[in-house]
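All values reported here derive from a predicted model rather than from experimental measurement.
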Amino acid sequence: MKREDLLSPLPPAAQVELALAGIESSRAFRGSPRHRALLRHLVQRTLGDELSALKESVIAIEVFGRQASAFDPKLDSIVRVESRRLRARLATYFEGEGRDSTLRIELPIGSYVPVIAQRLRPQYAPDATRRARDLVERGEHFLRQPLSEATLTDALRRFEAALLESPDHVPALVGAGRAWLNLATARYLEPPIAAEHAAESLRRAIRLDDGNAIAHALLGAIEHTFVHDWVAARRSFRRAVERAPQTAFVHSAYGCHLMNRGELDAADVELSLARRLDPQYVNTRIHMVNLRIAQGRLDAAEAELEGMRDIAPDSMPLIAMAGLLSLVRGDAETALTHYRRTCALAPGHPGCVASVAAVLGYAGRIDEADATMARLLEEHGPNAVSPYVSAIVATRCGRTDRAFELLQHAVDGADPGAIVLPIDASFASLRSDPRWLLLVAALRKPRRT
């Protein structure tokens, strides 16, 4: 199913122009020429079936006067920022002056193609809500599948469709936030940008329902992973725990991020509680293995893995953790067996192939490691592997300077993997280098957004 399959045909242009004129003359928009210009541009391009022009770089040039040769969306977020503000202004208008409008114009999160549709009559609102709930259930189904770009995109489309039916449906906003976050952490989309979209969706959910613990926990994950703002992240996690103290997910998420900070005792408390609340939750068990390795309790880590083999024997993360534990114990051959199995479970997955290269490097088989990485990059492109994962390979191959260069790039670019840096056993050999403390300090400095 494609996104356009979920949308209704556009209303007549004359009706759209009348609605647009009403928006532009409203109190919500009267004092904002920038948002009037942006909205009119987006609507006119949509009416003219010029959707290919509704992308960030083109809008930056045509609406905000940026130079084509100099605009870099990673450095200049004007289009995303002003679109977010326009989205909020439209919501204000339709909640107030435009509440009786027969036409609604919305700008979905993460898209520059406005949705222009007839508004449902009030008596049909319950039907729309039922459809929204159904779409959310379908979106959740895709989130529960083995994560891939396809399943996450399918999930996001269902949540977006639900929001077209019921714009303030909190479960749809939380689901969309979760999908965007997974797309960011897996690097299927540009991580900082996808994380922005996730945060916007979650903050809107929280404004509508401050009691939604999952939204607070997911926002905390974004604030820590992509913004490096632990003060804000801890506040979000604590709010999540306060609002749902018996929910395993929030304790598991909080414990994971405490662990990544190096607060191992506090992480142990949260993860142990999450484990008691839901012994079957595989993510908590994965976090527990990581925690035991960070604590140096390798036999306890092995016991956790043994328990997981009954619950999720073919889980790629489980087998990858077994590979890491073998490496920490110094057993490269067993680690190589585990990582090659991950490649069999996820053929062509760049992270699995890079892990094989890292083990080969650790074993002193540098030429084989280099050949493995060369084949990977040739097949999947130069950006197939994140700077953080590339740094692991460089470290295992004994290329310390290159590893630090890549890690700095990972920290500066909000590489999702970088948040694990303080406790990652892969970099044990780097910790005595003076550059290590500088790198961790940079990781803990909040990024400007």
Side-chain angles (χ1 to χ4, degrees), residues 1-8 83-96 98-145 151-183 194-222 236 239-240 243-244 247 249-250:
M1 181 184 296
K2 298 180 180 179
R3 177 178 171 76
E4 52 265 32
D5 296 333
L6 301 171
L7 305 182
S8 302
S83 295
R84 184 161 58 242
R85 292 171 177 167
L86 171 60
R87 193 174 295 114
R89 201 178 290 275
L90 282 169
T92 298
Y93 170 76
F94 284 109
E95 289 167 4
R99 61 184 174 274
D100 295 325
S101 173
T102 59
L103 203 69
R104 188 178 183 103
I105 302 176
E106 296 182 359
L107 189 60
I109 294 172
S111 173
Y112 301 114
V113 179
V115 173
I116 309 168
Q118 300 286 349
R119 301 188 77 186
L120 295 170
R121 295 179 181 273
Q123 59 264 36
Y124 295 121
D127 292 332
T129 301
R130 281 196 292 273
R131 175 164 163 75
R133 288 199 298 268
D134 176 64
L135 285 161
V136 167
E137 289 169 356
R138 288 150 60 184
E140 293 288 349
H141 163 77
F142 287 105
L143 283 184
R144 293 176 184 176
Q145 304 309 303
T151 58
L152 290 172
T153 301
D154 282 339
L156 183 58
R157 285 173 177 155
R158 272 61 179 185
F159 295 129
E160 288 179 336
L163 290 169
L164 296 182
E165 294 285 338
S166 298
D168 293 337
H169 192 44
V170 170
L173 289 165
V174 176
R178 196 166 194 165
W180 279 115
L181 176 55
N182 285 333
L183 285 163
E196 279 184 34
H197 298 328
E200 182 181 358
S201 187
L202 294 166
R203 289 192 176 105
R204 184 175 165 195
I206 290 168
R207 285 195 297 271
L208 292 165
D209 179 10
D210 184 66
N212 192 295
I214 303 300
H216 283 287
L218 293 171
L219 183 59
I222 293 168
S236 292
R239 286 172 177 167
R243 285 154 178 76
T247 300
F249 175 85
V250 300

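- Taking all atoms of both residues into account, the shortest heavy-atom contact from E106 to P167 is OE2-CG, 3.1 Å.
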*Candidate pair R130 and E165, rule side-chain contact (heavy atoms from CB on, under 4.5 Å), full reasoning*: CA-CA 9 Å; R130 281 196 292 273; E165 294 285 338; over 6 Å; no

*Could you give me the CA-CA distance, side-chain angles and deciding distance for D210 and H216, then say whether side-chain contact (heavy atoms from CB on, under 4.5 Å) is met?*
CA-CA 8 Å; D210 184 66; H216 283 287; 3.4 Å; yes

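- The CZ atom of R204 sits 8.0 Å away from atom CZ of R207, with the distance rounded to the nearest 0.5 Å.
- Note: F249 CZ to L218 CG = 4.5 Å, rounded to the nearest 0.5 Å.
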*Let me see the working for F159 and L135 under side-chain contact (heavy atoms from CB on, under 4.5 Å), right down to the final yes or no.*
CA-CA 6 Å; F159 295 129; L135 285 161; over 6 Å; no

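- For the atom pair CG of L90 and CD of E95, the computed distance is 11.0 Å after rounding to the nearest 0.5 Å.
- Taking every heavy atom of both residues into account, A213 and R243 meet most closely at CB-CB, 4.1 Å.
- Remark: side-chain polar atoms of S166 are not paired, donor with acceptor, to backbone N or O of A162 under 3.5 angstrom.
- For the pair P108 and L163, the minimum side-chain heavy-atom distance is 4.5 Å or more.
- Put simply, CD on Q145 and CG on L152 are 11.0 Å apart, with the number rounded to the nearest 0.5 Å.
- For D134 and R138, the salt-bridge test passes: some basic side-chain N is under 4.0 Å from an acidic carboxylate O.
- Atom CZ in R203 sits 7.5 Å away from atom CD1 in I222 (nearest 0.5 Å).
- Nearest approach of L143 to G175, heavy atoms of both residues: CD1-O, 4.3 Å.
- By the 4.5 Å heavy-atom criterion applied to side chains, R158 and E137 are not counted as neighbours.
- For W180 against A194, the heavy-atom pair with the smallest separation is CB-O, 3.7 Å.
- In this structure, I206 and N212 have side chains that are not in contact, with every pair of non-hydrogen atoms separated by 4.5 Å or more.
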*asked:* side-chain contact (heavy atoms from CB on, under 4.5 Å) for R84 and E196? Distances and angles first, verdict last.
replied: CA-CA 10 Å; R84 184 161 58 242; E196 279 184 34; 3.7 Å; yes

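- When all heavy atoms of A205 and V174 are compared, the pair lying nearest together is CB-CG2, 3.8 Å.
- Rounding to the nearest 0.5 Å gives a distance of 11.0 Å between CG of L173 and CD of E160.
- Side-chain N or O atoms of R99 include one that pairs as donor or acceptor with a backbone N or O of G96 at under 3.5 Å.
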